[in-house]
Amino acid sequence: MNELLKRRRVELDELKQSGMNPYGYEYDVTGYSKSIITEFRDDDPPKRFRIAGRIISMRKMGKASFMHIQDRDGRIQLYLRKDVLHERYAVIKLLDIGDIIGVEGEVFRTKMGEVSIKADAFEILAKSLRPLPVVKERTTEDGAITRYDPFSDKELRYRQRYVDLIVNPDVRDVFIKRARIIKFIRNYLDTRGYLEVETPALQPVYGGAAARPFTTHHNALDMKLYLRIADELYLKRLIVGGYDGVYEIAKDFRNEGMDRNHNPEFTMLEFYVAYKDYKWMMDFVERMIADLVQHLHQTTEIPIGMHTIDFRPRWKRVTMSGAIKEHTGIDIETTDEDALRDAARQHGLELEPSAGAGKIIDKIFSEFVEPKLMQPTIVMDYPVSMSPLAKPHREKSGMVERFEVIVNGQEICNAFSELNDPVDQRARFEEQMNLRERGDEEAHVLDEDYLRALEYGMPPAAGLGVGIDRLTMLLTNQESIRDVILFPQMRPEGR
RNA sequence: GAGGCUGUAGCUCAGUCGGUAGAGCAUCUGCCUUUUAAGCAGGUGGUCGAUGGUUCGAGUCCAUCCAGCCUCACCA
């Protein structure tokens, strides 16, 4: 144990010997930093508050000391004087940055103009035994805060998120926004009469997406179970069951690589509405997201990365074939598979010989079109081979009624008119099983019970999936999914 | 899975040609009753990610491993 840790344990013992409990039981808080400061009026008679928080800076002088404590809303300065606290003042010597204290006193404004609390009593609520990487900072005249050498090591920040949250207020803010995003969506769907449901995370047959699952084992049933990769097939069973609109905000689990856009567990909104199609869903989702952005930022126009992005409806709508033609000159509607492959190769794409037309189109799109779509864009009408759960296009053969929303070069949602023809659905599943036999581990699995449900009859329906983590990244301007997940997956810590 | 970069004090980082390990902040001691990147003076603090190798001598060169980041591949 190093000197800093030893030192704090010595102080802990001294506190106990002095008769103070270094781990208090409760504190009756009557004020919070932010409101105390904003509501302070110089002409009013002094007000008293009890406030609790963590010490984040200290300036001890001989017979008086200043410190800042941080509570849930922000920071406030404390002023402690020996001639007020008397023998209690000696305890200040045993306080450290990181300790959590409760303080009672009058609010006043210092000579330098900072609203502060003049303490006449304090208690220790939790003695901190580890040094906190707090950092010097200065508020410049225009109100901007300059921080010196902030705690920035990503590995430490993710592994010890509690420390990150204490010392980096911006991080705390991201997760408050994340909560507001989820709450807004839930409220938006609830007030329109859609039912929030819960479906199994442990599934005997996984489905609803193309991905490799995590597996686990149920001891009592002695059976293999999968962690869900999507909730789609269960939610559509509920549409069969007669609910008009259902949604679920839930964790999905995919056993794939990790990078700045992928975490093995992530949060997905899935939403299904009976008697609607994908056109209806386009209108719905652009309205919902525009309202969400307005709610979060008080405007629909926000800076993201290098761009300013405007979420105000109506968003640009393009077909996949139109977008590809515009950005590459390739006409996928009049080009057969071999010619398509040649065209893709001419554009510099490397393709596996097994790649079919759908895969080639998808590759062309994600390589040459998607990165260029900065403003919210609805891209519609996808090849049927890429979308085994979507309904055939009512006009274009070989296509399905599906759309994605691309913002800042990234997909943020995926939606389609749901396939409700059980015979077609069975054929699509069988095609997927063929792919699986040829070694595609991510092909969809045939779900016999889901087919049985469709055979009873499912009304036409529109479905939507929104990756909440990526949406949060977008709306909080974060570059990595790890910055919007409190405890991202990490390799075990070496000791 | 492939390539590149990184790992030095609690935090943020220097460390030259291979020659006794440094700074700022934090921390400690003393002084200081409206300070605020408080100040002044003086200190403490290191398994240089791990293991092995080359060398008279390794933070520095080499190999292997661990962890993180980035790019690519894979992937809704």
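Proteins get letters first, then strands, A, B, ... in listed order; numbering begins at 1 in each.
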K.L.:
B:rA23 and B:rA9: how far apart are their P atoms, nearest whole angstrom?
P.N.:
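These two P atoms come out 14 Å apart once rounded.
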K.L.:
A:His262 side chain: which of B:rU35, B:rU29, B:rC75 is closest?
P.N.:
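From the listed options, B:rC75 comes nearest.
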K.L.:
In the strands shown, is B:rG57 matched to any nucleotide by a Watson-Crick or G-U wobble pair with both distances under 3.5 Å, and which?
P.N.:
none
K.L.:
Tell me whether A:Ser321 contacts the main-chain N or O of A:Thr319 through its side chain, where contact means a donor paired with an acceptor under 3.5 Å.
P.N.:
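Pair absent, no side-chain N/O of A:Ser321 close to backbone of A:Thr319.
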K.L.:
Check every strand shown and say whether A:Arg8 touches a base, only sugar-phosphate, or nothing at a heavy-atom separation below 4.0 Å.
P.N.:
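Nothing, no nucleic acid heavy atom in range.
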K.L.:
Heavy atoms only, 4.0 Å cut-off, all strands: where does A:Leu132 land among base, sugar-phosphate and nothing?
P.N.:
nothing
K.L.:
For A:Asp153, answer base if it contacts any base atom (sugar-phosphate contacts may also be present), sugar-phosphate if it contacts only those atoms, and nothing otherwise; contact means non-hydrogen atoms under 4.0 Å.
P.N.:
sugar-phosphate
K.L.:
Measuring to OP1 and OP2 of B:rG68, would you say a side-chain N or O of A:Arg159 lies under 4.0 angstrom away?
P.N.:
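Indeed, a polar side-chain atom of A:Arg159 lies that close.
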K.L.:
Applying the side-chain contact (heavy atoms from CB on, under 4.5 Å) test to A:Ile249, which of A:Asp231, A:Thr267, A:Leu189, A:Val466 qualifies?
P.N.:
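It is A:Thr267, the one option of A:Asp231, A:Thr267, A:Leu189, A:Val466 that forms the side-chain contact (heavy atoms from CB on, under 4.5 Å) with A:Ile249.
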K.L.:
Write down the partner of B:rU27 under the Watson-Crick or G-U wobble criteria, each distance required to be under 3.5 Å.
P.N.:
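WC or wobble partner is B:rG43.
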K.L.:
Can you tell me the distance, in whole Å, between the CD1 atom of A:Ile76 and the C1' atom of B:rU36?
P.N.:
14 Å
K.L.:
Hey, which sits more toward the 5' end of RNA chain B by its nearest nucleotide, A:Pro131 or A:Asp83?
P.N.:
A:Pro131
K.L.:
For B:rU29, does OP1 or OP2 lie under 4.0 Å from any side-chain N or O of A:Lys60?
P.N.:
no
K.L.:
Between A:Arg491 and B:rG68, does any side-chain N or O lie under 4.0 Å from OP1 or OP2?
P.N.:
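For B:rG68, OP1 or OP2 has a side-chain N or O of A:Arg491 closer than 4.0 Å.
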K.L.:
OP1 or OP2 of B:rU36 sitting under 4.0 Å from any side-chain N/O of A:Lys136?
P.N.:
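Answer is no, no contact under 4.0 Å.
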K.L.:
Quick one: does any side-chain atom of A:Gln478 pair with a main-chain N or O of A:Asp483 as donor and acceptor, under 3.5 Å?
P.N.:
no
K.L.:
Among B:rU34, B:rC11, B:rU35, find the nucleotide with the atom closest to the side chain of A:Phe151.
P.N.:
B:rC11
K.L.:
Looking at every strand, decide which applies to A:Ser152 at a 4.0 Å heavy-atom threshold: base, sugar-phosphate, or nothing.
P.N.:
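Sugar-phosphate, backbone atoms only, no base.
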K.L.:
Look only at the side chain of A:Arg130 and the backbone of A:Arg8, and say whether a donor-acceptor pair between them is shorter than 3.5 Å.
P.N.:
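Here the side-chain-to-backbone pair does not exist.
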K.L.:
Within this structure, what is the CZ-to-C1' distance between A:Arg130 and B:rG10, rounded to whole angstrom?
P.N.:
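So the two atoms are 10 Å apart, to the nearest Å.
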K.L.:
Can a side chain N or O of A:Arg260 be found less than 4.0 Å away from OP1 or OP2 on B:rU71?
P.N.:
yes
K.L.:
Using both distances under 3.5 Å as the test, list the Watson-Crick or G-U wobble partner of B:rC13, or none.
P.N.:
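Partner of B:rC13: B:rG22.
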K.L.:
Taking any heavy-atom pair under 4.0 Å as a contact, classify A:Glu11: base, sugar-phosphate, or nothing.
P.N.:
sugar-phosphate
K.L.:
Pairing check on B:rC75: which nucleotide meets the Watson-Crick or G-U wobble criteria with it, both distances under 3.5 Å?
P.N.:
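Base partner found: none.
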K.L.:
CD of A:Glu442 versus C1' of B:rA73: gap in Å, rounded?
P.N.:
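So the CD-C1' distance, A:Glu442 to B:rA73, works out to 13 Å.
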K.L.:
With the six-membered base ring of B:rG24 as reference, does the ring of A:Tyr148 sit under 5.5 Å away with planes under 30° apart?
P.N.:
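Here A:Tyr148 fails the 5.5 Å or the 30° condition.
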K.L.:
Is A:Arg482 close enough to B:rC69 that one of its side-chain N or O atoms is under 4.0 Å from OP1 or OP2 there?
P.N.:
yes
K.L.:
Taking atom C1' in both B:rC48 and B:rA21, compute the distance separating them and give it to the nearest angstrom.
P.N.:
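B:rC48 and B:rA21 have their C1' atoms separated by 8 Å.
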K.L.:
Looking just at side-chain N and O atoms, do A:Ser33 and A:Asp71 make a donor-acceptor pair shorter than 3.5 Å?
P.N.:
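The answer is yes; a qualifying pair exists.
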K.L.:
Using a cut-off of 6.0 Å, state whether more than 12 heavy atoms not belonging to A:Arg48 lie near its atom CZ.
P.N.:
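Correct, the count exceeds 12.
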K.L.:
Quick one: label A:Glu411 by what it contacts on the DNA or RNA (base, sugar-phosphate, nothing), any heavy atom closer than 4.0 Å.
P.N.:
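Here A:Glu411 touches the bases of the nucleic acid.
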K.L.:
Would you verify whether the NZ or CZ of A:Arg72 falls within 45 degrees of the ring axis of A:Tyr32 while also being under 6.0 Å from that six-membered ring's centre?
P.N.:
yes
K.L.:
A:Gln77 has a side chain; which of B:rU35, B:rC69, B:rC28 sits nearest to it?
P.N.:
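So the side chain of A:Gln77 is nearest to B:rU35.
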K.L.:
For B:rA67, give the paired nucleotide (Watson-Crick: N1-N3 plus N6-O4 or O6-N4; G-U: N1-O2 and O6-N3; both under 3.5 Å), or none.
P.N.:
B:rU6
K.L.:
To the nearest angstrom, how far is A:Asp96 atom CG from B:rG10 atom C1'?
P.N.:
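For the pair A:Asp96 CG and B:rG10 C1', the rounded distance is 12 Å.
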K.L.:
Is a donor-acceptor pair below 3.5 Å formed from side chain A:Glu114 to base B:rU36, judging by atom type as modelled?
P.N.:
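Counting by modelled atom types and ignoring angles, a donor-acceptor contact under 3.5 Å is found here.
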K.L.:
What nucleic acid atoms does A:Ala211 come within less than 4.0 Å of, heavy atoms only: base, sugar-phosphate, or nothing?
P.N.:
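If one applies the 4.0 Å heavy-atom cut-off, A:Ala211 turns out to touch the sugar-phosphate alone, with no base involved.
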K.L.:
Tell me what A:Arg81 touches on the nucleic acid: a base, only sugar-phosphate, or nothing, going by heavy atoms under 4.0 Å.
P.N.:
base
K.L.:
When rounded to the nearest Å, what value does the distance between P atoms of B:rG59 and B:rG19 take?
P.N.:
10 Å
K.L.:
Would you say B:rA37 has OP1 or OP2 under 4.0 Å from some side-chain N or O of A:Arg138?
P.N.:
no
K.L.:
Checking contacts here: which listed nucleotide (B:rA73, B:rA26, B:rU35) is nearest the side-chain heavy atoms of A:Ile97?
P.N.:
B:rA26
